[in-house]
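In the text below, chain A, chain B and the rest are named by the order of the sequence lines, each starting its count at 1.
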2 protein chains.
Amino acid sequence: MTGIRAKARLETTTEIKRLAREQIASKGAANLSLREIAREMGVASSALYRYFASRDQLLTVLIIESYDDIGGMVERADANCSRDDLVGRWRAVSQSLRTWAITNPSDYGLIFGTPVPGYEAPTDTIAPALRYTNVLLHLLADAQAAGCKPLITVPTTKGVSREYKRVRANLEIKLTDEMILAGLAAWAALFGAISFELFGHVDTVFTDPEAHFRALTDMLGTQMLGMK
Amino acid sequence: MTGIRAKARLETTTEIKRLAREQIASKGAANLSLREIAREMGVASSALYRYFASRDQLLTVLIIESYDDIGGMVERADANCSRDDLVGRWRAVSQSLRTWAITNPSDYGLIFGTPVPGYEAPTDTIAPALRYTNVLLHLLADAQAAGCKPLITVPTTKGVSREYKRVRANLEIKLTDEMILAGLAAWAALFGAISFELFGHVDTVFTDPEAHFRALTDMLGTQMLGMK
DNA sequence: GCACTTACGAGAGCAGTGCTCACATTACAG
DNA sequence: CTGTAATGTGAGCACTGCTCTCGTAAGTGC
């Protein structure tokens, strides 16, 4: 395997993925057609199977790349802020998420939308999927270290404490129950709002969804980061 | 059109829908196959087109029915509570939503998941889609009438106020900006949490997602309904 | 009760899909 | 320079949504 073939292979692979993304964007993931990709590339459809074992595998690769893309985006947005500007970091992170989602709606749907039936996310997707989550977790940890406390707290039941204990163990970050709850709430609201906007559940109501999104995330930030 | 044919038609129609739901549940909406339905019914595939103009139209009908189903569910949950027990109503509404979503995951995906590509939701779906939304809106209105104020408020910008003005006009309910923001935040968090749970983004973390969900909605209720 | 219309189902057919396989070609390695 | 492994081909299988023609059966007006 000298350079020539390897290079050609890489080029063909990326070209396939590029055309696949194009198709997904214009006609949706469900209508992704390998034959059409082949047609556009002026090649026999069977040739594509030298590069991807199946349609599903192609989709998986695209999903992993999307996870990495969004992860990098969020990491960069966070890194651009001064470490102790927690509110600013939260704003940057949430804004970058929404921006990415709007710029790549089909990729967002691929990740956060209805799972493809019978499609079991391979373990390869787990690590990339955690990248953006880790950014928020570190933000929460830093907030806690800085003495932030969520504004609203509710009495936690035994069951919840047990669950959050498990979360703590999984994450190796020792957040308080209140912080975990606040973080998960903000997380859910964030993706709920983005999904609503993207999947067309609010488009008849808002003309400027970004304004609302800013107000929403500001509120979430206030709740989550509380008084320092 | 005397009874006999009309009755037969109704029966066939419901049977088609039943089998379609079965298929969607087992293999996903994208893999819904009219031919397979026909096969299971022991009938020619073309016969189905006497009942539904296309696969998309069948999907639309199913979506509308799901909207009505979830709407009725939420309405009943709300109606079962004493009118002035606002916290209880919020709990009932959010719980019933999650329960419905978990009981009918494929229907939830149909409504709140990635839209089927190229599928433009017909106007017929708008009215049923508003049923469950109205329940929350009336809850918010009652809360405001009872003197509730959201706990956390953020300074609203001009842009947001303008947007919320439009919301108010559309809804014919005069909620304050703070109430609208709190309501939308709770709404987003609710569906974000349910989507995460259903679409498998948290199943590695929680063993008892309901406990967390309860804590989450309690917190949202506290924020939204505040001090009476 | 009879003729007419309408609803319904059958089955062939079109264009598309994912995927497989035997076969040729071509680039690389020893 | 020869053997091997990677690559592309094109036919083919089984499937899909959907259309069209055609025969039959059910309901309707007189």
In terms of the nearest nucleotide of DNA chain D, which residue is placed more toward the 5' end: A/A47 or B/S33? A/A47
Using whole Å, report how far CZ of A/R50 lies from C1' of C/dA24. 11 Å
What's B/L58 touching, base or sugar-phosphate or nothing? Going by heavy atoms closer than 4.0 Å. nothing
So does B/R35 reach the base of D/dG17 with its side chain, donor to acceptor, closer than 3.5 Å? yes
Taking only the side-chain heavy atoms of B/V43 (C-beta and beyond), determine which of C/dT17, D/dT16, C/dG9 contains the nearest atom. C/dG9
OP1 or OP2 of C/dG9 versus the side-chain N and O atoms of B/Y51: is any pair under 4.0 Å? yes
For A/L32, answer base if it contacts any base atom (sugar-phosphate contacts may also be present), sugar-phosphate if it contacts only those atoms, and nothing otherwise; contact means non-hydrogen atoms under 4.0 Å. sugar-phosphate
Rounded interatomic separation in angstrom, taking CD1 from A/I37 and P from C/dG16: 16 Å
Has the side chain of B/S46 got a donor or acceptor that lies under 3.5 Å from a partner of the other kind on the base of C/dG9? no
What nucleic acid atoms does A/S45 come within less than 4.0 Å of, heavy atoms only: base, sugar-phosphate, or nothing? base
For B/N31 and D/dC15, what is the distance between atoms CG and P respectively, to the nearest whole Å? 14 Å
Take the protein atom CG of B/L10 and the nucleotide atom P of C/dA7, then report the distance between them rounded to whole Å. 17 Å
Whole angstrom value for the distance that separates P of D/dT16 from CG of B/L34: 10 Å
Pair A/K27 + A/E36: basic N to acidic O under 4.0 Å: yes
Residue pair A/Q95 / A/T217, side-chain donor-acceptor N/O under 3.5 Å: no
Taking only side-chain nitrogens and oxygens of B/R9, does any of them come within less than 4.0 Å of OP1 or OP2 of C/dC8? yes
Whole-Å gap separating P (C/dT20) and CD (A/Q57): 12 Å
Could you tell me the separation between the CZ atom of A/R55 and the C1' atom of C/dG16, rounded to a whole number of Å? 13 Å
For B/T157 and B/R162, test the side chains for any donor-to-acceptor distance below 3.5 angstrom and give the result as yes or no. no
For the pair A/D177 and A/R168, find out whether any cationic side-chain nitrogen is under 4.0 Å from an anionic carboxylate oxygen. yes
Should B/E22 and B/R18 count as an ion pair when the cut-off is N to O under 4.0 Å? yes
Quickly work out the A/R39 CZ to D/dG8 P distance and round it to whole Å. 18 Å
